[in-house]
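As structure tokens, the structure follows; a few thoughts come after it.
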Amino acid sequence: MRSKTIFIIILTALFTIFLMMNTDAVEFNFIFAKADISKLVVVGVFTLLGFILGYWVAKPKTVISSYDDHQSALPADNKNTLSDEDRDYIS
């Protein structure tokens, strides 16, 4: 196994152990209400949100360029535009 895979497995195991140790209910004060919610749910939801936001921020940006449009405007058969000397050199 690669070291990256082993590292991910160890982190996942430690995170799972951490979640299972924190299952007791805690009172959360929302803006207009109070609710008893398990620490497991709160930590799990916010970890998932962190992964989603991290992926969203780190994903490569889509670049739209006019380079592709320029390439499609070129003639399809470039051999017709070559001089006889160029064709002899290429051959």
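- Enclosure of atom CD in Glu85 is not indicated, since only 12 or fewer non-hydrogen atoms of other residues, nucleotides or ligands lie within 6.0 angstrom.
- Atom OG1 of Thr16 sits about 10.5 Å away from atom CG of Leu11, to the nearest 0.5 Å.
- If you chain together hydrophobic residues whose side chains sit under 4.5 Å apart, Val42 and Leu48 never meet in one group.
- Linking ILVMFWY residues whenever their side-chain heavy atoms come closer than 4.5 Å, directly or via other members, leaves Phe51 and Leu19 in distinct clusters.
- Of all non-hydrogen atoms in Thr47 and Val43, the two that sit nearest each other are OG1-O, 2.7 Å.
- Taking CD1 of Ile17 as the start and OG1 of Thr12 as the end, the distance is 11.0 Å to the nearest 0.5 Å.
- In this structure, Phe46 is a member of the same hydrophobic cluster as Val26, with clusters built from ILVMFWY side-chain heavy atoms closer than 4.5 Å.
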After noting the C-alpha distance and the side-chain angles of Phe18 and Asn22, does the key distance pass the side-chain contact (heavy atoms from CB on, under 4.5 Å) rule?
CA-CA 7 Å; Phe18 174 76; Asn22 292 299; 3.3 Å; yes
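- Cluster annotation: Val45 is not connected to Leu53 through the hydrophobic network of ILVMFWY side chains, with a link wherever side-chain heavy atoms come within less than 4.5 Å.
- Atom CZ of Phe30 is surrounded by more than 12 heavy atoms from other residues, nucleotides or ligands within 6.0 Å.
- Linking ILVMFWY residues whenever their side-chain heavy atoms come closer than 4.5 Å, directly or via other members, leaves Phe15 and Ile9 in distinct clusters.
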